[in-house]
Number of protein chains: 2
Amino acid sequence: MASESTEGRTPNPKDGRVSGNQDAPRKRSPGQGPRGAARFSSSSDRTSADIVYEKLHGAIASMELLPGTPVSELTLTREFGVSRTPVRAALQRLAKEKLVEIVPKSGTFVGRIPVSGLIEAIVARRALEVMIVRNTVDRATPDDMTYLRDQLARQRMLADRGELAPFHAADEAFHAALATMAGYPGIWDIIRTLKIQVDRYRQLTLPQEGRLEMVIREHTAVVDAIEAGDADTAARAMEEHLDKLQLDIEVFGQDHPEYFIHDRAVDDQV
Amino acid sequence: MASESTEGRTPNPKDGRVSGNQDAPRKRSPGQGPRGAARFSSSSDRTSADIVYEKLHGAIASMELLPGTPVSELTLTREFGVSRTPVRAALQRLAKEKLVEIVPKSGTFVGRIPVSGLIEAIVARRALEVMIVRNTVDRATPDDMTYLRDQLARQRMLADRGELAPFHAADEAFHAALATMAGYPGIWDIIRTLKIQVDRYRQLTLPQEGRLEMVIREHTAVVDAIEAGDADTAARAMEEHLDKLQLDIEVFGQDHPEYFIHDRAVDDQV
DNA sequence: TATTTGCAACTTGTATACTAGTTAAATCTC
DNA sequence: GAGATTTAACTAGTATACAAGTTGCAAATA
């Protein structure tokens with residue numbers, strides 16, 4: 001990896017682009033200019049690979065595509081009307097998130113849910129969100145509190161109507177908001193990636209009676225503690241909230257053993 | 001994302017592959033068969049894309065390639081003697097780790113170090129490792145303790161000899177070992193990914209006198225607390241150890257502002 | 001009938017040609 | 001000479017052809 005920059009292409013110091021800030025990646029203002037008219041420049045940045053990726057990502061995350069299902073490049077090619085190149089790009093992105101498994105010269109399959117990864121995801125999420133909520137206590141503004149209360153109200157409404165998917169989205173938004181308020185939006189991205197595998201698993205379990213109401217109560221407890229400025233209580237409330245996730249696990253390969261992989265993965269070197 | 005499996009390709013139930021475990025990804029035992037002769041099947045699984053990826057990853061992580069440096073696909077093509085396809089695959093993997101920035105139709109550049117990401121990485125790492133070390137207290141076996149003591153001895157030796165790079169590797173191994181002992185090797189993978197950006201930054205700062213000895217002292221304090229079965233002390237020792245990382249930050253764009261990006265990134269939707 | 005062997009139809013990995021967009025330098029205009 | 005405009009040389013995204021390996025069925029053999 002010697003040169004790359006001191007090499008042939010940029011010989012003269014004048015237009016030598018090495019590490020010059022004027023020559024850094026030029027930022028383009030994407031399609032979010034004047035907010036009203038998104039005309040035709042809005043979706044322009046989404047490449048074919050992006051579209052395939054997002055569609056597959058959603059289908060795998062929602063368990064619409066079940067673990068082990070083959071996802072052949074050729075089939076996707078026909079399905080999306082694009083060539084193999086963007087399809088492959090999408091699949092390789094998904095492979096990095098362990099949402100698909102690519103077996104060279106053999107096939108590509110919807111990723112099986114890693115059991116050990118599930119446990120680690122829950123543990124890691126709890127550690128991160130407890131830390132986040134502690135920081136939220138100090139940093140949340142009055143506007144933030146208003147937003148959180150509005151979110152709680154929205155959750156109540158969705159729960160009453162029994163709209164599960166929107167409720168799930170609102171739940172995510174709630175936790176994401178806490179992370180943002182704490183000043184750690186990037187950490188929420190990490191959590192979200194971890195969460196996907198857990199969410200996939202939970203699609204397999206029956207929704208428990210009254211769970212939504214319980215979630216709202218726990219969310220409310222967190223918000224109350226934040227508003228009271230009580231970090232310890234907020235942390236404990238969040239910990240208890242997330243601990244509920246562990247309960248209905250334990251029955252892993254009971255019904256669908258083929259959806260899971262029990263390996264203590266060795267091939268992990270990203 | 002309707003079918004993919006109930007679709008044309010696998011019509012008859014007999015060889016319908018949907019979610020059948022017999023049809024799950026066939027595990028190949030890679031080049032590690034009879035351990036002696038790896039003949040020519042050993043390196044066969046590493047594709048060209050893997051090689052390019054690993055080489056670039058190392059060069060970027062070690063700051064051999066500085067932020068903002070253009071990494072043209074064509075140049076890499078010539079450098080590695082492969083076509084654009086594997087080069088692009090490698091770059092797209094790196095883009096997902098934010099180690100390169102791909103600007104469509106314009107160029108690909110070594111990723112600038114995200115300042116906000118640095119802070120979040122340190123905070124997240126601390127939360128995770130403190131949680132990990134608490135779990136280590138309960139789960140570490142006598143063999144584990146022996147291993148940790150050996151690691152400490154090795155660190156002392158490397159520090160005495162002033163071998164910085166091996167010391168850094170030993171430091172990583174120490175933390176990775178704690179995570180494994182706690183039962184969360186996957187969480188270490190997350191931490192490692194976070195750590196890369198921090199490591200890149202630290203390459204820019206001068207190594208402080210006596211820092212290695214301090215690190216060893218702190219590591220020793222952690223191990224002592226684990227051996228004593230004192231989770232609180234172990235957690236506090238780890239927290240203090242990792243807090244040291246924050247200290248010499250603050251002087252961000254001082255010398256090399258062009259290496260950093262201060263955005264509160266909006267384009268984040270992996 | 002049970003076993004082996006070979007082949008045919010898949011799969012992903014790679015190379016390459018082409019498209020469309022960007023950028024900066026060179027040229028033209030005033 | 002200064003500024004606006006054209007243009008040529010880049011860039012990454014995509015399509016497609018080919019190479020190499022895997023898999024499972026089918027036919028041949030015992």
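Proteins get letters first, then strands, A, B, ... in listed order; numbering begins at 1 in each.
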J.: Inspect the contact between Arg202(A) and Asp199(A) and indicate whether a charged nitrogen and a carboxylate oxygen are less than 4.0 angstrom apart.
T.: no
J.: Might you list the N or O atoms of the protein lying below 3.5 Å from N or O atoms in nucleotides 12-16 of chain C, with each pair's distance?
T.:
{"residue": "dT12(C)", "atom": "OP1", "partner": "Thr108(A)", "partner atom": "N", "Å": "3.3"}
{"residue": "dT12(C)", "atom": "OP1", "partner": "Thr108(A)", "partner atom": "OG1", "Å": "3.0"}
{"residue": "dT12(C)", "atom": "O4'", "partner": "Lys105(A)", "partner atom": "N", "Å": "3.3"}
{"residue": "dG13(C)", "atom": "OP2", "partner": "Arg88(A)", "partner atom": "NH1", "Å": "2.3"}
{"residue": "dG13(C)", "atom": "OP2", "partner": "Arg88(A)", "partner atom": "NH2", "Å": "2.7"}
{"residue": "dG13(C)", "atom": "N7", "partner": "Arg84(A)", "partner atom": "NH2", "Å": "3.1"}
{"residue": "dG13(C)", "atom": "O6", "partner": "Arg84(A)", "partner atom": "NH1", "Å": "2.8"}
{"residue": "dT14(C)", "atom": "OP1", "partner": "Ser48(B)", "partner atom": "N", "Å": "2.6"}
{"residue": "dT14(C)", "atom": "OP1", "partner": "Ser48(B)", "partner atom": "OG", "Å": "3.0"}
{"residue": "dA15(C)", "atom": "OP2", "partner": "Ser83(B)", "partner atom": "N", "Å": "2.6"}
{"residue": "dA15(C)", "atom": "OP2", "partner": "Ser83(B)", "partner atom": "OG", "Å": "2.8"}
{"residue": "dA15(C)", "atom": "O5'", "partner": "Ser83(B)", "partner atom": "OG", "Å": "3.4"}
{"residue": "dA15(C)", "atom": "N7", "partner": "Thr85(B)", "partner atom": "OG1", "Å": "2.7"}
{"residue": "dT16(C)", "atom": "O4", "partner": "Thr85(B)", "partner atom": "OG1", "Å": "3.4"}

J.: Can you confirm whether Leu204(A) sits close enough to Phe260(A) that some side-chain heavy atom of one is under 4.5 Å from a side-chain heavy atom of the other?
T.: yes
J.: Nearest whole angstrom, please: distance from the P of dA15(D) to the CZ of Phe80(A).
T.: 13 Å
J.: Can a salt bridge be assigned to the pair Arg46(B) and Glu54(B) using a cut-off of 4.0 Å between side-chain N and carboxylate O?
T.: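 Salt bridge between Arg46(B) and Glu54(B), a charged N being under 4.0 Å from a carboxylate O: yes.
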J.: Roughly how far, to the nearest 0.5 Å, is CD1 of Ile51(A) from CG of Leu56(A)?
T.: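 These two atoms lie 12.0 Å from each other.
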J.: Atom CD of Glu101(B) to atom P of dA12(D): distance rounded to whole Å?
T.: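 Atom CD in Glu101(B) sits about 13 Å away from atom P in dA12(D).
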J.: Side chain of Thr193(B), backbone of Asp189(B): donor and acceptor closer than 3.5 Å?
T.: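 A pair under 3.5 Å: yes.
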